[in-house]
Amino acid sequence: MQEEIRLKPIGVIHSAYQQQNGTPIQPSLSGDSVGWVEVFPEFEEGLADLEGFERLWLIYRLDRSNPDCPLRVKPYLDDREHGVFATRSPSRPNLLGLSCVRLNGREGRRLDITGLDILDGSPLLDIKPYVPKFDSFAVERVGWFARTLPDEVRADDRFSK
Ligand SMILES: C[S@@+](CC[C@H](N)C(=O)[O-])C[C@H]1O[C@@H](n2cnc3c(N)ncnc32)[C@H](O)[C@@H]1O
């Protein structure tokens, strides 16, 4: 039996989206949806120098997804099933979400961001700066996504609690 890992949220993500149904499915497909990150006071010192970055990775808990997640899912962008780890489904073991958002400004422990696919009130677990040299790769294979990469798609409630 593997040991359990307990995580402590470092803040909360605020957005205009209250439910999965109708929420953009990735930051790059979300237009200019506006939101903000509230970092808890005990972590504020860790935000020093973050304002120099244009984009951030947010790692958060997909707290309103179905935790009983099947290991094969039918994702938003396909009508065929795929292994959950070959998708970006919000219902997955550990319910971890990863979004690369634009940082527009910082005031103390408030970060103003755009490009959200995140529900209002999502518990924030970590922030990392987006660094193209580290995080961007030219690739030739994108698996089953090659068949379907639309410009705008919204979620429905298939992965909801
Ligand atoms: C397809 S997932 C991708 C999330 C992230 N960009 C990723 O790749 O890990 C995006 C969807 O997750 C859902 N979502 C966002 N925040 C959530 C939360 N706190 N609980 C449950 N579902 C959430 C929304 O329906 C949104 O459309």
Side-chain angles (χ1 to χ4, degrees), residues 5-40 43 50 53-104 110-132 134-139 141-161:
I5 298 169
R6 296 181 64 176
L7 299 175
K8 180 175 175 183
I10 62 162
V12 180
I13 302 168
H14 299 273
S15 81
Y17 304 115
Q18 305 298 331
Q19 58 188 27
Q20 289 186 340
N21 195 15
T23 298
I25 64 163
Q26 285 296 335
S28 60
L29 306 177
S30 74
D32 284 333
S33 62
V34 176
W36 59 285
V37 173
E38 172 193 355
V39 174
F40 296 147
F43 298 102
L50 198 68
F53 293 89
E54 194 171 321
R55 286 197 161 265
L56 305 177
W57 292 109
L58 300 182
I59 300 166
Y60 51 95
R61 174 94 169 162
L62 293 153
D63 60 337
R64 273 147 285 171
S65 282
N66 182 359
D68 302 323
C69 116
L71 291 178
R72 284 180 186 270
V73 297
K74 206 178 274 185
Y76 298 125
L77 293 182
D78 207 351
D79 50 16
R80 304 177 211 189
E81 284 193 345
H82 300 279
V84 67
F85 302 123
T87 76
R88 304 292 285 264
S89 161
S91 180
R92 54 199 310 118
N94 294 318
L95 301 180
L96 288 180
L98 173 72
S99 296
C100 188
V101 299
R102 183 181 170 84
L103 175 65
N104 299 315
R110 175 185 168 122
L111 308 175
D112 286 298
I113 56 174
T114 45
L116 287 87
D117 60 346
I118 308 170
L119 295 189
D120 189 40
S122 296
L124 177 65
L125 299 174
D126 204 352
I127 303 172
K128 300 189 188 206
Y130 172 79
V131 182
F134 304 157
D135 296 331
S136 173
F137 299 85
V139 296
R141 286 181 286 124
V142 292
W144 62 269
F145 283 98
R147 290 199 308 276
T148 165
L149 275 176
D151 288 332
E152 205 199 312
V153 177
R154 300 283 167 133
D156 53 35
D157 57 11
R158 76 184 74 176
F159 298 116
S160 207
K161 244 181 191 170

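These figures come from a predicted structure and were not determined experimentally. Whatever order the structure lists them in is the order used to number ligands and atoms, beginning at 1.
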*By side-chain contact (heavy atoms from CB on, under 4.5 Å) - contacts of Pro70 (at least two apart)*: Val73
_Contact residues of ligand 1, where a non-hydrogen atom lies under 4.0 Å away_ = Gln20, Thr23, Pro24, Ile25, Gln26, Tyr60, Arg61, Leu62, Asp63, Arg64, Ser65, Tyr76, Arg88, Pro90, Gly97, Leu98, Ser99, Asp117, Ile118, Leu119, Ser122, Ala155
*asked:* Suppose we screen for ring pair (Phe, Tyr, Trp, His ring centres under 6.0 Å). Which residues come up paired with Phe43, at least two apart in sequence or across chains?
replied: none
*Of His82, Arg158, Arg80, Arg88, which is the lone residue that meets side-chain contact (heavy atoms from CB on, under 4.5 Å) with Pro75?*
His82
*Under the ring pair (Phe, Tyr, Trp, His ring centres under 6.0 Å) rule, collect the residues that match up with Phe159, sequence neighbours excluded.*
Tyr76
*Could you tell me whether the side chains of Gln20 and Ser65 share a donor-acceptor contact shorter than 3.5 Å?*
yes
_Looking at Asp79 and Lys74, is there a salt bridge between them, counting it only when a charged N and a carboxylate O are closer than 4.0 Å?_
no
